[in-house]
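Input: a single structure, listed below in structure tokens.
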Protein chains: 2
Amino acid sequence: MGNLLKKEEITSLRLTSKLFKGFADYSRLFIFEVLMNGEKTVSEIVEATGISQSAISNHLKCLRECELVNDRHEGKYVYYSVSDDRVKEIIKLAKEIIKEASEERYRCIKY
Amino acid sequence: MGNLLKKEEITSLRLTSKLFKGFADYSRLFIFEVLMNGEKTVSEIVEATGISQSAISNHLKCLRECELVNDRHEGKYVYYSVSDDRVKEIIKLAKEIIKEASEERYRCIKY
DNA sequence: TTGACATATCATTATTTGTTGATATAATAA
DNA sequence: TTATTATATCAACAAATAATGATATGTCAA
């Protein structure tokens, strides 16, 4: 076979695909959208998105564990924010591509 | 409720999450890895990745429909290439983030 | 203390997604 | 033509994933 990857490169690809899964869902992308202009509490996110509290909390858990967002506890509130400017940059680039694309391009059913 | 989105913004978020799904899988990311240094035929991709021909072909169909890759037919061969430099940039940024992250960060089971 | 609010957790269910194996199509060579 | 190589398609199955509803935990105020 050709240039099959080394173990560490396989790991890196697996982690990178996992990172992208963070962005590959409507609800989570909506969360990022809400967080783009600064930190928000969970209830603010719930209110801004209209998504259920448990769904938001489940998503935030994942995003937090993958360190795509940071959390800051203050009294009974938890403030979430985007962890890294490169995260914002990735989303910005993707939205740029979409802006130029025709809607039909994204009919892809499988995957 | 708060700043719920307009119909076109919802569409945009849906398309963007769909775009990210293109990157959110080990096999597809491996395909991009192989295409990073220029166009390759399907069989070259199959050989370089060790992934089955039908799996590769299924993935390429999706990536082509979402225009993350371009195809060019030449005789019995089909050459695929990354469609846009911003696609490369997105992957590059994600890999940078991963490079700095500890492996445990990506234990996220759900999502 | 009690009650109200904010957030997290978790099992269940329904849906989505990835791979496989078989087969189809298309181009070329013998 | 027939055989061979390259690629695409598609149904079926298995695995992963997202939302829900119920419940738990933690903080604060009365």
Side-chain angles (χ1 to χ4, degrees), chain A residues 2 10 13-15 17-32 34-35 39-66 68-81 106-111, chain B residues 2 13-14 17-32 34-35 39-66 68-81 106-111:
Chain A
I10 291 175
L13 274 194
R14 290 214 180 283
L15 294 180
S17 71
K18 188 139 240 173
L19 182 149
F20 279 121
K21 283 193 176 125
F23 306 122
D25 172 79
Y26 172 77
S27 300
R28 288 193 294 275
L29 218 47
F30 202 165
I31 292 174
F32 280 113
V34 173
L35 296 183
E39 62 175 17
K40 296 276 182 301
T41 68
V42 176
S43 32
E44 285 172 329
I45 298 170
V46 169
E47 153 130 348
T49 59
I51 298 166
S52 78
Q53 186 269 319
S54 60
I56 292 292
S57 217
N58 281 326
H59 285 303
L60 286 173
K61 179 186 186 174
C62 169
L63 296 175
R64 190 186 344 122
E65 285 177 354
C66 292
L68 293 175
V69 300
N70 293 134
D71 60 330
R72 180 173 73 79
H73 292 251
E74 191 176 312
K76 60 178 173 177
Y77 296 98
V78 181
Y79 290 86
Y80 281 90
S81 54
Y106 288 87
R107 288 245 180 82
C108 177
I109 306 302
K110 240 183 161 183
Y111 308 139
Chain B
L13 274 195
R14 290 214 180 281
S17 70
K18 189 140 241 175
L19 182 148
F20 278 122
K21 282 192 177 128
F23 305 123
D25 172 80
Y26 172 77
S27 300
R28 289 194 292 275
L29 219 47
F30 202 164
I31 292 174
F32 280 113
V34 173
L35 296 183
E39 63 175 17
K40 295 276 183 300
T41 68
V42 176
S43 33
E44 285 172 328
I45 298 170
V46 169
E47 154 130 348
T49 59
I51 297 166
S52 79
Q53 186 269 321
S54 60
I56 291 292
S57 217
N58 281 327
H59 284 303
L60 286 173
K61 179 185 185 175
C62 169
L63 296 175
R64 191 189 339 124
E65 285 177 355
C66 293
L68 293 175
V69 300
N70 294 134
D71 59 332
R72 179 173 73 78
H73 291 250
E74 189 176 314
K76 62 177 171 176
Y77 296 97
V78 182
Y79 290 86
Y80 282 89
S81 54
Y106 288 87
R107 289 248 179 80
C108 176
I109 305 302
K110 235 182 166 186
Y111 308 138

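Below, chain A is the first sequence line, B the second, and so on; all start at residue 1.
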Practice prompt. Could you tell me whether the side chain of B/L60 reaches within less than 4.5 Å of the side chain of B/Y80, counting heavy atoms only?
Written response: yes
Practice prompt. Figure out the OH/C1' separation between B/Y77 and C/dA29, and round it to whole Å.
Written response: 12 Å
Worksheet item: Is there a side-chain contact between A/F20 and B/D25, using heavy atoms and a 4.5 Å cut-off?
Response: no
Response to the item:
Result for 5'-nearest mapping on DNA chain D, choosing between B/Y80 and A/K76, is B/Y80
Discussion item. Looking only at the side chain of B/Q53 (C-beta and beyond, no hydrogens), which of the listed nucleotides D/dT7, C/dG18, C/dA8 gets closest?
Written reply: D/dT7
Discussion item. Measuring from the side chain of A/K61 (C-beta onward, heavy atoms only), which nucleotide among C/dT17, D/dT20, C/dT9 has the closest atom?
Written reply: C/dT9
Worksheet item: Whole-Å distance between C/dT17 P and B/R28 CZ?
Response: 9 Å
Worksheet item: Once you round it to whole Å, what is the distance between P of D/dT17 and CD of A/E65?
Response: 13 Å
Item to complete: Send over the distance from B/L60 CG to D/dT9 P, rounded to a whole Å.
Response: 11 Å
Worksheet item: Over how many whole Å does the gap from B/H73 atom NE2 to C/dA26 atom C1' extend?
Response: 11 Å
Worksheet item: Counting distance only, does the side-chain N/O of B/R64 pair as donor-acceptor with the main-chain N or O of B/V69 below 3.5 Å?
Response: no
Item to complete: Look at the side chain of B/R64 and decide which nucleotide, out of D/dT9, D/dA6, C/dG18, has an atom nearest to it.
Response: D/dT9
Worksheet entry | Separation of atom CG in A/N58 from atom P in C/dT12, rounded to whole Å | 15 Å
Discussion item. Strictly below 4.0 Å: does A/S52 bring a side-chain N or O up to OP1 or OP2 of D/dT20?
Written reply: yes
Item to complete: Find the distance A/Y26:OH to D/dT17:C1' and express it as a whole number of Å.
Response: 18 Å
Fill in: B/R72 side-chain N/O to B/S81 backbone N/O, donor-acceptor pair under 3.5 Å
no
Response to the item:
Taking C/dA8, D/dA8, C/dT19 as options, the one with an atom nearest any side-chain atom of B/V42 is D/dA8
Worksheet item: What does the inter-axis angle of the helix from C/dT1-D/dA30 to C/dA30-D/dT1 come out as, five pairs per end, nearest 10 degrees?
Response: 10°
Practice prompt. Let me know the distance between CG of A/L13 and P of C/dG18, rounded to the nearest Å.
Written response: 15 Å
Item to complete: Determine, step by step, whether A/Y79 and A/V42 satisfy the side chain to side chain contact (heavy atoms under 4.5 Å, CB included) criterion, reporting the C-alpha distance in whole Å, the side-chain angles of both residues, the deciding distance to 0.1 Å, and the verdict.
Response: CA-CA 7 Å; A/Y79 290 86; A/V42 176; over 6 Å; no
Worksheet item: Should B/F32 and B/L63 count as side-chain neighbours, where that means a heavy-atom distance under 4.5 Å?
Response: yes
Practice prompt. Under 4.0 Å between any heavy atoms, over every strand shown, what does B/Y79 touch: base, sugar-phosphate, or nothing? Just pick one.
Written response: nothing
Worksheet item: Does a side-chain N or O from B/S54 land closer than 4.0 Å to OP1 or OP2 of D/dT7, or not?
Response: no
Worksheet item: Are the side chain of B/E65 and the backbone N or O of B/C62 linked by a donor-acceptor pair below 3.5 Å?
Response: no
Item to complete: Would you indicate what B/S43 reaches in the nucleic acid, counting non-hydrogen atoms under 4.0 angstrom: base, sugar-phosphate, or nothing?
Response: sugar-phosphate
